[in-house]
Structure formats: C-alpha cells, structure tokens
J.: 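Structure incoming, see below.
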Amino acid sequence: MIYRALLFLISVNVFAQPTSSNIFAHNDYEKKEPFTKAFGLHVGYIEADIFLKDGALLVAHTAAEISKTKTLENLYLQPLQKQLSGSGYSESSPLALMIDLKTAGKETLGALVQLMASYPDLANSKSLRITISGNMPDASTWSDYPNYIFFDGRPGNSYTAAQLQRINLVSASFRDYTQWNGKGELTSADRKQLLAVIQKVHAWGKPIRFWAIPDFTNAWIKLNKLGVDILNTDEVEQLHAFLAKWSSSTYQNKTPHATYQPIGQWKEGQRPKNLIIMIGDGAGLAQFYSGYTANRGKLNVFQIPMVGFSITNSSDSYITDSAAGATAIAAGTKTKNRFIGVDSTGKRLPLLTYKLKKKKYQTAIISNGDITDATPASFYAFQPERIMSEEIALDFIQSDVDLLMGGGLKSFQQRKDGKKLFDVLRQKGYQTTSNFGTIDTLTSMKFVVLDDSAVIAKKKGRGDFLIRSLNKSLDVFTKSNSPFFIMLESAQIDWGGHNNDLEYVVTEVLDFDQTIAEALKFADQNKETLILITADHETGGLSLIDGDIQTGYVHGSFSTNDHTGIMVPVFAYGPGAEVFKGIHQNTELYHLLMELFLIK
Ligand code: MG
Ligand code: ZN
C-alpha cells in the first residue's frame, strides 16, 4: 500500500502510481457481485454498512432495505474465512474490511466483537484490518476494544498517540472542501484547502480518503496528484482497469534533447533538387505532441512552419494499414490494405523511387523495422500481399536502389528457397553487411546493411541507428554531384501504439525527432533539399489525458490496439514546402512531388 505520507517526506513533486490497494469499494454490498468482485480485484478497502437488529448484524444502506438473509456473516465474514489465506492480501498489503456502523456505535460494535469470537482466524490475521466507520464510539473508549479493531479517523478531531495507532485511515467529505465537479482543474482556493487537510493527515502518517468525490478518470488523476491516497469509488472495475494501465500509459522523460533552430534560407519559388521523405509509422498528432511534452515543450519537427494534414484511408477501408498508406505516398494511388506498390487490381504502380531513378537520382531506403515491411517495401516492391517478404526482397534486387539500411536480414540471407541475396547483390556491385557497427567503413556508392539490432526498441537500447543511417546516406550522396532521394522510416512509433505502450511511443518519437534535426541541418547547408515528414496513419487512437511540460511528464489513453482513421500531420521544409500546406489526400503528396520535381 502506498502511503503518501512517506513520499511526501521525500519530495512534494513525486506523485505515486496508484494500484488496486488504493481503491475503496464504496457500498460494496449494493453491487451485483458483492465481495467477490472487489476481493478478486484485490482492492484495498471493501465497505459494508451494518445495522444491529434483534441481535443480528445486517448489511444494508437504510433501515428500510434490511433483509434477514443479508448478514455481515453471509456476505463477508464467511467468504473471507474461506478465501483470505492464499488471496494475495498480506501484512504489507492488507484488506481493510470497512464496517460502517449505521446503528448506535457502542452496541453495534459490541455485537461485532462478540461475533468475531467465532472467527478467530480473521481476528488474528495480519492480512485483514477490520476498520470501523460511521457511528464510531468515542476515541477515548477505543482501547476497550480488541486490538484487531481499527478505526476511520476524521481530520477535524485530535487524537492521542495511542488513538492514532488504532486509526487505519482518515476520511472526510469532499464536499466540506470543494464543490468541484471533477472536470478540468480545481480552483486554486479549493486546491489549497484540500492540500491543507491532506498534509495534516499525512503528518499523522495516515492515508486519506474523501467520500462524495467525482468518480471518473479526470477526477481520479487529479485527486492522485493532490496526494489523496485512497480513491473512493462506485466504479471499482473501471477504476481498477484504469489503474492497471497506469504504468504503460504514463512516461516521464528525464533526458530532454536540445533542438535545432532551422534557418530556412532558400529562394522563393526555387525548385528542390533533393528529396528526403521521413515517415513516422503510426505518428498522429497525439504522438508528436506526447513527444513535445516529454521533451519539455520543444521538438525539432515543431520548428517547421509549413504544416498540412493528410487523409489516410485506403481504397477498401476507412482505416488504412501501412501497405496502402505508404503506397499512396510512394505511388499516388489509393490501393487496398495489404497491397504493396500495386493498385487495387494488382497492377504495378509508377513508384516515386523508380521515377527519380530514371532522372539519375541516387536513392536510399532506411527503416528501423524490417526492410521488407510494408512501409519501406512500398517504395521499391510490387506485391499483392505485405507478408511476402522473400518476394519483396527479390523485388529489391531489381530496384537498383543504391543504399538500404534496416533490419530483416532473414528475407535476404536465411530464405526458404536457400538463395543468398547478398551474393547476388555483390555481383551487382553492392557492398553488403549484417553488422551495422561497420557502416563507417563502407566505401562503396551502393551498399546494403541489414542488421537486426536496428529493430531493437529505442527504450531497449537501439542507439542512434536512424541518425547514423541518415548521415551516412547524406555523406555518400554529397560526394557525388547527382541529386538524391532518401526515404527514412521511424517504424516503431506504430509498434508502441499497437502495444498501447506510451513510453515506447514517446521514446520512438524523440528518436525520430533527433533524426529530423540532422535532416534540417543538412537542408540548411545544402539549400536545395526538400524534407517531407508525415505518417502513413495513426496507431493506437492515442489521446493525452494529463501532462506537464515543465517536468516532461505525459499520461496517454489508447482507444484501440490498431490503426485509426484520423488525419495525420504533414511537415514540409525546404524549397517547394509551401505546396503542402492545407488538407490533402495522402495520394496528393505524391502528385505534388511529381510537379515539384518536374516528373512526367
Ligand atoms: Mg512501417
Ligand atoms: Zn501498424
């Protein structure tokens, strides 16, 4: 159980990640499955209201609802007797059975103590804290009751040290401090009042709960931030599910990167010579903005003033996959999901890469995913099914693309047909390697580097694969005088979205953004390079439900583990950038490039 009292001593800025131990199942007995549900979810506090009637302890909300069959024993003590041991509750993570006395305190509690004599295992268990609330007898009499009886303190009372030892938690009505409805933020006056009482209770070394709180996501987040330890809820399952996702939905970036200030000195109306397309797979606006938040309010990509939006649907679906999404950009035609470089009938499309090759462009394809995956493949291959990675690799041999850097060695070197494509590539004049670490030693104008270390997640230690691959390509291309085209994919923003893993998303966005800085620096020196940064689609239905730009903290909420239909941003930098402003079909990006680069 997390006691903010301890954390409070460490730092006021730390707000802990709540768990099911912090859940208070309010009026549990009124639920469809009393006890079982909350107990199964391992909540910290389960509440029952009890009445003493004709010597029996009955569970009900009001006297009128009393039923003889609903006894404290039937509903709680008997199931607890059977299930407590082995349930996972322990001395360090106990269950508080909150018993709210609705009839006279002394008599009702007396009857409870008598009843507990039949449940010595429960009375002696360190995993259970029977905690009395409601019509509590006066604190001066608490020492008359057995030690297994705890009490629910009130912040307005004062307690002796001995009495404090009998207090399990402290509760108060939220409405004594604020009328906040749970939306947005508390007023600063209400916030101050709440903080005062929270700090008072924490100074006692006790956790605090408020009843009558707004009971939904935003309120839970804000109360947790204030330092409220125990969340009183009627929505046990929703709160439990929300807290279970907390750690995978939140991220704080401890190492923000400095951003580059682009100069933007190209001539008005000038045509671009070189092209760099950078695709953040699955990178919607929320993904970029989560990166912006985590990087303390700055991103290289947000320094680019020319912004548009791309509509990403495929020919057969409101929601595209990466195959149709990338083919739209690479070939200017909406095709079916799963189709690579071919139209809806399976016919080969005129890929941008080939069009530029014809104009004597040097070309590079870079991805920190498998190089035969849908996004990079759509820039050099023609297949009616994205999983045909061996056929896609064979298409690469025919493509005459100069530089290839990524993961996915298997489709080239460990093929079912036994072919070793590196041998074929070497005959065609390529240098080949499966060791990315040797990239700086490659001297050829054509090479293929396929190293599965490229596919490691950034958060698991990928290193600077994207930056080094981009810079190596730029080195090679600036040595010759011919124009060039680079397609660079940040593939794993999408994977973080599919995994509903915010840290994964953000760390990939930040890696992509640092790579973008390198492209911007090059374009500023070169002055003839157009950079187009976009996404094939959004992944995860990410929205941002909390964040702090000062501390680089962000809390996301994913609505799906798949792609969504929302438009994605387009950032354009360099000569010709202005044509990309506004809202375009994804296919229009290709046609605008055709016009800019005078391609027939
Ligand atoms: Mg991809
Ligand atoms: Zn995807």
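Side chains are part of it too, since the values below use all heavy atoms of this structure and drop only hydrogens, waters and symmetry mates. Here the structure is a predicted model, which means the values were calculated and not measured. Whatever order the structure lists them in is the order used to number ligands and atoms, beginning at 1.
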J.: Which heavy atom of S367 sits nearest a heavy atom of D370, and at what distance?
T.: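 Nearest heavy atoms, S367 then D370: OG-O, 4.4 Å.
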
J.: Below 2.8 Å, any N, O or S contact between D321 and the Zn ion (ligand 2)?
T.: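 No, D321 does not qualify, because none of its backbone or side-chain N, O or S atoms lies under 2.8 Å.
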
J.: Distance alone, cut at 3.5 Å: any donor-acceptor contact between the side chains of E390 and S411?
T.: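 There is no such pair (donor and acceptor under 3.5 Å, judged by atom type) between the side chains of E390 and S411.
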
J.: Around I566, counting heavy atoms of other residues, nucleotides and ligands shown, do more than 12 lie under 6.0 Å from its CD1?
T.: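 12 or below, so no.
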
J.: Is it true that the side chains of K458 and N368 contain a donor and an acceptor less than 3.5 Å apart?
T.: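 No, no side-chain donor-acceptor contact under 3.5 Å.
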
J.: With the Zn ion (ligand 2) at the centre, find the angle made by NE2 from H498 and NE2 from H563, to 10°.
T.: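 Seen from the Zn ion (ligand 2), NE2 and NE2 are separated by roughly 90°.
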
J.: Quick one: the OD2 of D281, the Mg ion (ligand 1), OE2 of E489 angle, rounded to 10°, please.
T.: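 Between OD2 of D281 and OE2 of E489, at the Mg ion (ligand 1), the angle is about 90°.
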
J.: Just wondering, is there an N, O or S atom on T375 that's nearer than 2.8 Å to the Mg ion (ligand 1)?
T.: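 It does: T375 brings an N, O or S atom closer than 2.8 Å to the Mg ion (ligand 1).
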
